[in-house]
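Residue numbers begin at 1 in each chain, while the letters A, B, ... track the order of the sequences.
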There are 2 protein chains.
Amino acid sequence: MSLVQWGCHRFRDEGAAAVTDTASTGRALPHPDREEIRLEGVLHALSDPMRLRIVRELAAGEAELSCSQFELPVTKSTTTHHFRVLRESGVIRQVYRGTAKMNGLRRDDLDGLFPGLLDSLLAAAERQAGRGGTPG
Amino acid sequence: MSLVQWGCHRFRDEGAAAVTDTASTGRALPHPDREEIRLEGVLHALSDPMRLRIVRELAAGEAELSCSQFELPVTKSTTTHHFRVLRESGVIRQVYRGTAKMNGLRRDDLDGLFPGLLDSLLAAAERQAGRGGTPG
DNA sequence: GTCAAACTACGATGTCTCTCGTACAATGGG
DNA sequence: CCCATTGTACGAGAGACATCGTAGTTTGAC
């Protein structure tokens, strides 16, 4: 049938992402620019219970949190993986601080791109959690 | 390490779903009840470009649409697959009418469960489409 | 310098997903 | 009854994903 190949479910190009996060230490992490953030990528990132939970905890507190402050029922390797997915999809921003890696929601960028979306999503997760689901 | 196994990324239980859609013809299709709809499942369904596109077309028009009215760049088999994912996640409702299968957004159920979410998602998709993405 | 803490890299594994093609079933019109 | 239209079932293949374990790197404290 020879159909158009327009790269479905492939959100990990990143291409030349901005690597300009020289925090207190020298290590930098690749983040997509605001304009590179794709809705499908964000939804994919948030469609995993573990990641939705992370984002909910991140949204609950004001400050940034290090990876180790999340008590997730998975190993450290898996935790690293989930945080990377969140960062590469543009949902969170990660910065090294000493041996820790601090995580913060990219609220400004997400609100700028998709006004109201993040709040709706968080409210939805909250509602479902109250209903007896386990997404956070 | 022996961690808790709490069924991550497994949204397809459905269990005893409601199969009470005897439309004009006799064939019925399993839909999750409103309370069975899970946010993660909805996000997962919408994280695919093809399905996001379907939902956007569905939301644009008022009336229900048959599967064949969507001109998707995939085969019929694949189209069937995507519509099933959307139905099983609770995003759309499907009903047979003659040889056609009519599709409608489950707006009431989604708005009831997650107020504002669907609109935010559609607005986000619209915005991204205007920006030059291809999600619809 | 040594050491613990925090996180990463890599490879493996099992499952899921997207896609297809072919063959099949249900419906309604002549 | 025959047939076109519409959609399904099934099986397969390529690739993505979540998870793990082990081994390694980076950092800061002593």
Which residues share a side-chain hydrogen bond (donor to acceptor under 3.5 Å, both in side chains) with B:S120, sequence neighbours left out: A:S120
B:F83 CZ - C:dC18 P separation (whole Å): 14 Å
Value in whole Å for how far the P atom of C:dC18 lies from CG of B:L86: 10 Å
NE2-CG distance between B:H81 and B:L86, expressed to the nearest 0.5 angstrom: 9.5 Å
Which residues share a side-chain contact (heavy atoms from CB on, under 4.5 Å) with A:L58, sequence neighbours left out: A:I54, A:L65, A:F70, A:I92, A:N103, A:L105
Touch class at under 4.0 angstrom, heavy-atom based, for B:T79 against every strand present: nothing
Under 3.5 Å side-chain donor-acceptor pair for B:E57 and B:Q69: no
Inter- and intrachain pairs under salt bridge (Lys or Arg N to Asp or Glu O under 4.0 Å), touching residues 108-124 of chain B, at least two apart: B:R34-B:D109, B:R93-B:D109, B:R106-B:D109, B:R107-B:D119
N/O donor-acceptor pair, side chain B:K101 with base D:dG7, under 3.5 angstrom: no
Residue-phosphate contact under 4.0 Å: A:R97 side-chain N/O, C:dA6 OP1/OP2: no
Between D:dT25 (P) and A:L29 (CG): distance, integer Å: 18 Å
A:T78 vs D:dC20: side-chain N/O to OP1/OP2 distance below 4.0 Å: yes
B:E40 CD - D:dA18 P separation (whole Å): 13 Å
Those residues that, when tested against A:F114, pass ring-ring contact (aromatic ring centres under 6.0 Å, His included) (two or more places apart): none
Counterpart residues, side-chain hydrogen bond (donor to acceptor under 3.5 Å, both in side chains), relative to B:T78 (two or more places apart): B:T75
Proximal nucleotide (of C:dC20, D:dC20, C:dA6) relative to the B:V74 side chain: C:dC20
Listed once per pair and sorted, the salt bridge (Lys or Arg N to Asp or Glu O under 4.0 Å) pairs that draw on residues 60-73 of chain B, sequence neighbours left out: B:E64-B:R97
Proximal nucleotide (of C:dC7, D:dA18, D:dT27) relative to the A:C67 side chain: C:dC7
Proximity to the side chain of B:T99 - top-ranked nucleotide from C:dT27, D:dA18, C:dC18: C:dT27
Euclidean distance, atom CG of residue B:L72 to atom C1' of C:dC20 [Å, nearest integer]: 15 Å
C:dT17 OP1/OP2 closer than 4.0 Å to side-chain N/O of B:H44: yes
Any B:T75 side-chain N or O less than 4.0 Å from OP1/OP2 of C:dT19: no
Consecutive Watson-Crick or G-U pairs in runs of at least 3, all under 3.5 Å, in which DNA chain D is involved: C:1-30 with D:1-30
Presence of A:H82 side-chain N/O under 4.0 Å of D:dT19 phosphate oxygens OP1/OP2: yes
Nearest-angstrom distance from the residue atom CG of A:D48 to C1' of D:dA18: 7 Å
Between P of C:dA6 and CD of A:Q69, the distance in whole Å: 10 Å
Contact list (N/O, under 3.5 angstrom) for nucleotides 9-11 of chain C vs protein:
residue	atom	partner	partner atom	Å
C:dA9	N6	A:S77	OG	3.3

Selection from D:dT19, D:dT8, C:dA6 that lies nearest to any side-chain heavy atom of A:S68: C:dA6
Whole-Å distance separating the CE atom of A:M50 from the P atom of D:dC20: 8 Å
side-chain contact (heavy atoms from CB on, under 4.5 Å) involving A:T80 - partner list, sequence neighbours excluded: none
Where A:L46 and A:L52 come nearest, the two heavy atoms and their spacing: O-CB, 3.7 Å
